Each structure stands twice: as structure tokens, then as C-alpha cells.
Amino acid sequence: MNNAVAGFSKLSKQEKIDWIANQYFSSPNEAISLLQKYWNSDEKTQKLHDEFIENTITNFYLPLGIAPNFLINGQYKTIPMAIEESSVVAAASKSAKFWATRGGFKATVLNTEKIGQVHFLYSGDASHLDLFFAQTKAKFFEDTQALTKNMQQRGGGILDIVLKDKTEALPNYYQLHATFDTKDSMGANFINSCLEQFAKTLTENAHQYELFKENDETVEVIMSILSNYVPNCIVRAEVSCPVAELEEKHITNPHEFAKRFVQAVQIAEIEPFRAVTHNKGIMNGVDAVVLATGNDFRAVEAGVHAYAARNGSYSSLSHAKIENEIFTFWLDIPLALGTVGGLTSLHPLVKFSLEMLEKPSAAELMQVVAVAGLAQNFAALRSLTTTGIQEGHMKMHLNNIINQFEATDDERALIQKHFKKHTVSHSAVVNYIQEIRTTIL
Ligand code: MEV
């Protein structure tokens, strides 16, 4: 079958749906009604979602869950999490509850600098380019004044622009490396607009520069784009308490627990195979809040993993220590987030999430997100170093199977009692349900 289509983007939404349904589905009507089932009954809301992207055919749901009782810098927060993976919200809530009685989470924004670059080629004497840059630098700021005016009024703007010689790595390759403060916006549009203006200023002024003309030296801009690597936009989240206070139902020997926990973190610090999974657990918390608050989780993911590999080997984002009988567990993470602009004022559930977080500044949101990551990491390591994660997962799994078989309350009680003593597997549960349905009840 020929599945190619011309002019697809010009078709109406209904025409697109009809084309897909007829092209790929044995029962086109069923396919269409499935798509319709996921439409929002409110036309205005649906139109809003349609227009977020191109070629929208329906909505793709993710559950939005909440994790309450997060004590962060002395204030209780309820954290919104958009995620499809079971156990993540439960783990966050458990960690929140655990640390709320042990001083809570401390979160500190260490810096908030964003980065953008104009990548260009220059063939000529590097000292001429240095001279040109020194003479033109002020012009880059002048020419972007119309763009930076509003941001400056909010206390942000372009922090600095430096010329970088990268010719050792790639012949003729230089950069204008610019740093920005974008306050409460993520700043992608602002940064990219400034960069494109820098590129224009660079090209125009280089063209007229006598020293370049005399020596046949040329500047060729390749591209201008922000960097999602933000190693100077870091937030630290931390928990700490006397080792003895770690004791609870699953931690009967807090000293042993703390020691094993620190060792587990040290393994992730030196072993990339473990570090990736360790950090994936952190990102379970981070991405869920980033998504619920309308931020770009792909940008965050890319930047975070580059940061985790900044010393040449992929390593843990979190660290732990026991000093003078005090257990401390912390996470440093680069997060370029916004609480204004972008999707934040458009997506109704993003607005809801931000209001639930009491309309945070970007810096406050960085703190919340980092805490969600640390909480997730704590929950994972606590399970891994004590009971193992399958116990919790299997409980969820058991519940899912029970729901699938539409068990009555009596059946549910019996099944749960039975599988406290027996290993959960899909077939074991199905067999047991059949057994009680034919013999016991
Ligand atoms: C699963 O989504 C996340 C964990 O694998 C994280 C970890 O191993 O630390 C449990």
C-alpha cells in the first residue's frame, strides 16, 4: 500500500483523521471514535490543544498526580506530577512524609545563568578577529536594545559576550559565547532572538572591517542557538538528619541503612551503568514536575545528562555522606525553567499546577523540581538497599491484575492476604483468582 501523502498539512483536522483511519485501520470507524473519545468536549479547550502543535488528531493523556506534604525550606508544598509510570507519585509522597518529620528538604538556587552561541567560521589572523571583537562588542549590546528592553526592566538581560577560539578542535571555528539572565522565563525565544541579532551585527560589521578587507579575511556565520547545557544554572536540594533518626518501620538498623545508602550512591558515582539508572530515577521526579508545569523536559533531560558527564565520565547527580553521625544526601542539578511565557499561561492544567505551587518564581520552581528529584532518588535507594524494588512494584502489579479481573472486595481481601506470603506473578495471581472463584467463594 502507498502510504505517502501530499499536502497533508493543508487538510482539515477531519480530513487528516479520515485519511489515517482509512489508510491504516481495518475498522476506520473504530479508529475515528477512539480519537474522538479523547477529544475535549469543550470546543475552546480542544482548539487550544489542537493549536499547540501541527497535525493534531486528538489528545494523548498522561495522568496528573499530586504528591503532598513536601516540606521545602520550611513551607509545605503539594507537588504536581504528570507521569505514566506507576509507583513514582507514591514514592514521592512517601519520601515527603519521611523527611517532613526530619527537618524537611532544603533547596538553594546556586546560580541562574543561561547560555547561547553564535557559531561561525573565520579564516584569517586570530589577532585581527580579537581586535575586531574588542571594537565591536558594545555594538552587540546596542543592536539588541529593542529586544532586551523588557527583560532589562525585569532585572535580566545579556550578561556578557565573549569570543571563543575553537580552532584547535575544528579548523576556522569560533564562537560568540553569550550569557543571559532570563529571570522567570525559560528564555529560549529571548536568547535565540538576541543571538540572531548578534549574528547580523557580526556579519555586517565584519564585512566593513578594514583589517579584514585588506587581508581577505572573512566571517561566515553557521548558526545561532541557545545551549541546553546550563552548568551555571544549578539548584541544590538536600536532606539531612542524625543517623539515629533515620529509624522507621523498614529501617530497623539506621546505622547499617545509612552506610549501605552511602555505598549505593558511591557506586553510582563511579559506575556509569549504575549512574544512568540512578539518574533515571531522579528524572522520574524531575520530568514529572517539569511536564506538569509546562516546561521543556527534553531540554532539561539533555542538559542534566551532559552535566552528569561533565568530568569526562557519566556519574551520579546526587551525593551522600555520614559525618559526625549526621546523614546528608544532596543533589545538584542544572535546571533552566520558566514560570512565565511559553505554555505556562496557555495550558489550563499547567496554570492549575502553577497555582497549586502558589505561583512560584522560576528560582522557586527550580527548588521544587530538584526536591522532587531528590525525593525520588531517596525512595529508590531506600527500597533498593532494603527490601528491593520488586516488593513495591509487585504490590502495584497485583492491584492492576485484581482490577483487570474486576475482583469484589471479598476477593480482593483474600488475594491480598494470600500474596503477602506468596510470590506475585501474573499467572500465579490469575490461577489464584480462578481457584477462589471456583472453590472458596
Ligand atoms: C525506575 O523507574 C527507577 C529506578 O530504577 C531508579 C534506581 O534504580 O535508582 C528504581
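Source: prediction; values computed, not measured. All ligand and atom numbering here is 1-based and tracks the order in the structure.
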Colleague: Quiz question: by atom type and distance under 3.5 Å, do the side chains of Q46 and N59 form a donor-acceptor pair?
Modeller: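 The answer is yes; a qualifying pair exists.
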Colleague: With a 4.5 Å limit on heavy-atom distance, are the side chains of E325 and P242 in contact?
Modeller: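 Of all side-chain heavy-atom pairs linking P242 with E325, none is under 4.5 Å.
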Colleague: Below 4.0 Å from any atom of ligand 1, which residues have a heavy atom? Give them in chain and number order, please.
Modeller: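 Near ligand 1, by chain and number: E85, R274, T277, H278, K280, G281, N284, A380, L384.
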Colleague: Is there side-chain contact between W39 and K13, with at least one heavy-atom pair below 4.5 Å?
Modeller: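 In contact.
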Colleague: Donor-acceptor pairs under 3.5 angstrom involving side-chain atoms of residues 333-347: please list them, not counting sequence neighbours.
Modeller:
unit_1 : atom_1 : unit_2 : atom_2 : d
T339   : OG1    : P360   : O      : 3.1
T339   : OG1    : A362   : N      : 3.4
T344   : OG1    : G341   : N      : 3.1
T344   : OG1    : G341   : O      : 2.4
H347   : ND1    : L349   : N      : 3.1
H347   : NE2    : H49    : NE2    : 3.3

Colleague: Given 3.5 Å as the limit, does a donor-acceptor pair link the side chain of N192 with the main chain of L226, or not?
Modeller: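 It does hold such a pair.
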Colleague: Taking the side chain as C-beta and beyond, is there a heavy-atom pair between F120 and I222 under 4.5 Å?
Modeller: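 Of all side-chain heavy-atom pairs linking I222 with F120, none is under 4.5 Å.
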